[in-house]
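Numbers here simply count residues along the sequence, with the first being 1. Heavy-atom basis, side chains included; hydrogens, waters and symmetry copies ignored.
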Amino acid sequence: VDQIIDAMPIADFTMLISKFLALLIIYSVLIVMLIFCGVVIQAAHGYTNFELPLYFGTMFTATMSVMTLFTFLSVFIQVMVNNKFLGYAVVVGFFVVTLVFSAIGLEHPLFQFGGAELGTYSDMNVYGHFVTPFAWMDVYWFGFGGLLFAVAVFFSVRGTESVIDIRWKAGKLRLNRTLLTFGLSALVIFLFSGFFIFYNTNLVNVYSNSDEDKKFQAEYEKTFKKFEFLNQPKIVESNLKIEIYPSSRDYVAEGYYWLKNKSTESIADVHIQYNPDKEYKIDYMKFDRESVVKERFDKFGYYIYALTP
């Protein structure tokens, strides 16, 4: 049957895209069934506040995008190896390789296939600022997926010849303007979005992987281990005024903490730990008496104040 279909005047792109779209339809039906089952379970437990727009919005963005990307990958692998069971094994091997990437420190989102995350939902600002990076990561990986699909069309098997050399020669014959435009467009989207993501992740912001975070934590503990049992005043009362601005991911906090020495020893120095994240800005911090910075550790946001009696 396959040879009869291959002999028909149907473009290779049309044959692959039809299979691809059929899989997407199956995914859509399964997602709708999952949502329906979830609503039934909620109703069985007495919960009636069904947030259907949220269910459909989340499932048909975060979940559907990952499934679509792995469909791009699977179609590419199946075409290249031209063996169903070997293709399954290669896909499983790809999953293993992605885990190895994380283990050796390649945790950057640009190396994590389909690693776009929509973030945590909240009633205050829905998905908030997570939507923008999620969209850019999806654009990046969909560009890569489109490139894989173009290569799959180029090397697709037609007829009984499955040798890669013959498929290469046949591919050059089917390399028309449409396929070339599609492939180059996917490549441009992939590269441009990748540069944009790298610029914002590594240059505009500070990026660190898990190894660097562990190194920072170890250095912090070694530096301040000597202060572990240092006598310090305790917070007994606080009064804070906090203004939250969800749309701009910002907040302003102002107020005071009442510190009390609950020990019998006198305390001359007060240790203050600020948030070391560069996004936090401290306008001022003062005591109810004269004080000077005795020692500072800017890297860790740790300051020691000497109080005037």
Side-chain angles (χ1 to χ4, degrees), residues 58 61-62 65-66 68-70 72-73 94-95 97-122 124-148 150-151 183-224 243-253 272-285 296-303:
T58 302
T61 53
S65 64
V66 174
T68 304
L69 286 172
F70 276 96
F72 274 125
L73 177 68
F94 179 84
F95 279 104
V97 170
T98 56
L99 296 177
V100 172
F101 276 6
S102 299
I104 64 178
L106 294 177
E107 303 170 353
H108 199 285
L110 294 177
F111 298 119
Q112 298 297 318
F113 182 79
E117 295 183 1
L118 195 51
T120 304
Y121 174 85
S122 73
M124 179 180 293
N125 62 341
V126 193
Y127 286 107
H129 68 282
F130 295 107
V131 175
T132 300
F134 169 79
W136 274 105
M137 287 303 304
D138 262 357
V139 169
Y140 171 74
W141 285 117
F142 270 91
F144 182 71
L147 186 61
L148 291 181
V151 175
L184 290 178
S185 299
L187 178 62
V188 169
I189 292 173
F190 173 66
L191 293 177
F192 173 78
S193 57
F195 290 143
F196 183 80
I197 292 170
F198 179 84
Y199 172 77
N200 281 275
T201 304
N202 292 64
L203 301 181
V204 176
N205 297 285
V206 179
Y207 173 78
S208 60
N209 57 30
S210 60
D211 290 337
E212 294 170 335
D213 292 338
K214 291 178 182 177
K215 182 179 179 181
F216 178 87
Q217 184 66 30
E219 188 178 352
Y220 179 93
E221 294 177 2
K222 291 178 181 178
T223 303
F224 302 113
E243 298 179 354
I244 303 176
Y245 307 96
S247 60
S248 58
R249 294 181 57 205
D250 197 7
Y251 74 91
V252 176
I272 302 294
Q273 173 68 75
Y274 295 114
N275 194 319
D277 194 327
K278 301 300 181 182
E279 292 187 1
Y280 287 87
K281 179 183 178 183
I282 307 296
D283 291 329
Y284 68 92
M285 201 290 296
R296 59 193 301 157
F297 302 87
D298 293 327
K299 179 179 179 180
F300 303 106
Y302 195 97
Y303 297 84

Atom CZ in Phe144, atom CG in Leu191: separation rounded to 0.5 Å?
11.0 Å

Show your working on side-chain contact (heavy atoms from CB on, under 4.5 Å) between Phe300 and Phe216 and close with a plain yes or no.
CA-CA 9 Å; Phe300 303 106; Phe216 178 87; 3.4 Å; yes

Could you tell me which residues satisfy side-chain contact (heavy atoms from CB on, under 4.5 Å) with Tyr274, sequence neighbours excluded, listed by chain and number?
Ile272, Ile282, Met285, Tyr303, Tyr305

Flag the pair Tyr127 / Phe134 as yes when their ring centroid distance falls below 6.0 Å, and as no otherwise.
no

Closest heavy-atom contact between Ile189 and Gly143?
CG2-CA, 4.2 Å

Kindly write out the residues that satisfy side chain to side chain donor-acceptor pair (under 3.5 Å) with Ser122, not counting sequence neighbours, or none if the list is empty.
Asn125

Where do Pro109 and Met137 come nearest, in terms of heavy atoms and distance?
O-CE, 3.3 Å

Atom CZ of Phe297 with >12 non-hydrogen neighbours under 6.0 angstrom
yes

Nearest heavy-atom neighbours spanning Asp213 and Ser208
OD1-OG, 2.7 Å

Would Val139 and Phe192 count as a side-chain contact (heavy atoms from CB on, under 4.5 Å) if you check the C-alpha gap in whole Å, the side-chain angles of each, and the deciding distance to 0.1 Å?
CA-CA 10 Å; Val139 169; Phe192 173 78; over 6 Å; no

Hey, can you tell me if Trp141 and Phe113 have their rings parallel, tilted or perpendicular (30° and 60° cut-offs)?
perpendicular

Can you tell me how far apart OH (Tyr302) and CZ (Phe224) are? Round to the nearest 0.5 Å.
6.0 Å

Are Phe70 and Phe95 close enough that their ring centers fall under 6.0 Å?
yes

I need the single residue from Glu221, Lys214, Lys215 that forms a side-chain hydrogen bond (donor to acceptor under 3.5 Å, both in side chains) with Gln217. Which is it?
Glu221

Classify the angle between the aromatic ring planes of Tyr207 and His108 as parallel (below 30°), tilted (30 to 60°) or perpendicular (above 60°).
tilted

Gly146 and Ala186 have their tightest heavy-atom pair at C-CB, 3.7 Å

Using the ring of each side chain (for Trp, its six-membered ring), is Phe142 parallel, tilted or perpendicular to Phe72, with breaks at 30° and 60°?
perpendicular

What's the verdict on side-chain contact (heavy atoms from CB on, under 4.5 Å) for Glu279 and Asn205, showing C-alpha distance, side-chain angles and the deciding distance?
CA-CA 9 Å; Glu279 292 187 1; Asn205 297 285; 3.7 Å; yes

Whether over 12 other heavy atoms sit under 6.0 Å from Glu117 CD
no

Is a side-chain donor or acceptor of Thr61 paired with a backbone partner of Thr58 at a separation under 3.5 angstrom?
yes

Taking atom CZ of Phe94 as the centre, does the number of heavy atoms from other residues, nucleotides or ligands within less than 6.0 Å exceed 12?
yes

Tyr251 ring center within less than 6.0 Å of Tyr245 ring center:
no

Measure across Thr223 and Glu219 and return the closest heavy-atom pair with its distance rounded to 0.1 Å.
OG1-O, 2.7 Å

Can you give me the closest heavy-atom contact between Leu147 and Gly183, atom names plus distance?
CD1-O, 3.8 Å

From CZ (Arg249) to CD1 (Ile244), nearest 0.5 Å:
14.0 Å

